Amino acid sequence: MKKLIIGNWKMNLGLKGSLALARALKGLKSKNEVGVCPSDFALAGVKAVLGKSQIKLGAQNCFWEASGAYTGQTSAASLKELGCAYVILGHSELRALGESCRRVNLKAKAALARGLTPVICVGEDWTKYKAGKSRAFVSGQIKRALAGLKLGGKQLVIAYEPLWAIGSGRPLQAEAADATQAFIKSEARKALKQSRAAVAVLYGGSVNAANAKNFLRQGNIDGLLIGGASLKAQEFKKIAETH
Ligand code: PEP
C-alpha cells in the first residue's frame with residue numbers, strides 16, 4: 001500500500017521562502033503519496049509552482065463555517081478552491097493555544113463536506129506517556145474529534161504525534177509507535193461505527209531522513225507527518241522517497 005508523507009511547514013516561511021521550497025521539491029518522484037502544507041497566504045503560489053508535480057497541497061487549519069463574518073478564518077471551501085487535498089486539524093501547537101476537540105470535530109465535518117481529507121492530530125504529553133496513559137488519552141481525543149462524523153467512502157487521516165517527540169530530536173521508538181497506531185486505527189473505526197473505514201494513521205515527531213525507513217516498514221504506520229525536516233528540500237525528498 002502507498003504510504004502518505006506530509007510536510008507541515010508551520011509558520012516558518014514567508015511567501016518567497018515557500019515558493020523557493022516548492023521549486024526545490026517539485027521534481028520529486030516517489031511511490032508514496034506526498035503532500036506539503038504551507039501557510040494559507042502561500043497556498044495559491046505554491047500550487048502554481050507545483051503545477052503538474054505529484055506533490056499535493058494541504059492547509060494547516062480551517063474554519064467550520066462556510067462563509068460570513070469570521071475575521072481571520074479560512075473556510076474549507078476556500079481551501080478546496082485553492083487546490084488543497086488535505087487539511088491538518090488539531091495540531092498540538094494549535095491545541096496549546098486553546099483548540100478543543102469540539103472544534104476539531106466541527107472542522108473535520110466541514111473539511112469532509114468540502115472534499116478535503118482531514119489530518120487529525122492526536123498525542124499525549126510526557127507526563128501521560130510516562131504514566132502509561134497514552135492510549136487512554138488518545139482514545140478520548142479520537143472519540144471527541146470523530147463524534148458523529150460520517151465518512152461514507154471518504155478517507156480520514158489521523159496523525160499520532162506524542163507531544164514530547166515533536167521537534168525534540170527524540171522520536172518514539174518505531175515499534176512502540178506501531179502498536180499505538182494499530183490501537184488508534186481500531187479506536188477510530190469504532191468511533192466511526194465502520195469496521196472497514198478508510199483510516200490512515202501517520203506517525204509524527206522528530207522523523208528525519210535517517211530514521212524514516214524504520215517507521216515506514218512498520219505495518220501499522222501508514223505514513224509520516226514531518227515538521228522540521230520538511231523545511232529542508234533534500235532531506236524531505238529523501239524521506240518522501242523512502243519506502
Ligand atoms: C510536527 O510538528 O507535527 C512534527 C512532527 O514536527 P517535527 O517533525 O519537527 O518533530
Side-chain angles (χ1 to χ4, degrees), residues 3-13 17-18 21 25 28 30 32-40 42 55-62 84-99 101 104 107-108 111 117-126 128-129 134 137-138 141-142 145 156-174 176-178 180-181 184 200-216 218 220-242:
K3 303 273 182 172
L4 171 60
I5 315 289
I6 298 183
N8 174 10
W9 296 355
K10 308 189 182 185
M11 203 183 75
N12 286 301
L13 301 170
S18 303
L21 183 53
L25 292 175
L28 176 150
S30 173
N32 299 320
E33 182 175 330
V34 183
V36 293
C37 303
S39 296
D40 282 359
I55 302 174
K56 296 187 183 178
L57 195 65
Q60 299 174 18
N61 192 14
C62 73
C84 288
Y86 328 96
V87 59
I88 298 173
L89 298 175
H91 190 280
S92 62
E93 287 152 12
L94 211 51
R95 290 183 191 258
L97 296 174
E99 186 75 330
C101 289
V104 172
K107 291 175 178 188
T117 298
V119 179
I120 298 179
C121 301
V122 300
E124 78 287 355
D125 63 17
W126 179 249
K128 289 185 191 76
Y129 173 73
S134 306
F137 183 74
V138 297
Q141 285 185 313
I142 290 166
L156 173 74
V157 178
I158 298 184
Y160 172 50
E161 305 201 297
L163 268 55
W164 49 272
I166 295 178
S168 65
R170 275 189 310 160
L172 177 61
Q173 242 200 340
D178 187 59
T180 305
Q181 299 200 193
I184 286 174
V201 188
L202 314 185
Y203 168 77
S206 295
V207 176
N208 55 38
N211 64 22
K213 195 173 180 77
N214 208 14
F215 286 102
L216 290 175
Q218 308 294 328
N220 297 300
I221 298 185
D222 300 316
L224 301 166
L225 182 57
I226 314 287
S230 74
L231 298 167
K232 302 174 204 151
Q234 291 317 315
E235 175 121 21
F236 185 66
K237 273 189 176 178
K238 273 192 202 147
I239 297 171
E241 288 163 0
T242 305

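Counting starts at 1 for both ligands and their atoms, following the listed order. Predicted, not measured: the structure shown is a model, and the values here were computed from it.
- A distance of 4.5 Å separates CG of Asn220 from CG of Asp178, quoted to the nearest 0.5 Å.
- In this structure, Lys237 places its NZ atom where more than 12 heavy-atom neighbours from other residues, nucleotides or ligands lie under 6.0 Å away.
- Counting only distance, with no hydrogens or angles, the side chain of Gln60 and the backbone of Cys37 share a donor-acceptor pair below 3.5 Å.
- Ligand 1 lies under 4.0 Å from heavy atoms of Lys10, His91, Glu93, Glu161, Ala165, Ile166, Gly167, Gly204, Gly205, Ser206, Leu225, Ile226, Gly227, Gly228.
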Side chain to side chain contact (heavy atoms under 4.5 Å, CB included), that's the test. Do Lys107 and Val87 meet it? Break it down for me. CA-CA 9 Å; Lys107 291 175 178 188; Val87 59; over 6 Å; no
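- Gln181 contributes a side-chain N or O that, together with a main-chain N or O of Val201, makes up a donor-acceptor pair within less than 3.5 Å.
- Using a distance-only test at 3.5 Å, with no hydrogens or angles considered, no donor-acceptor pair links the side chain of Asn32 to the main chain of Val34.
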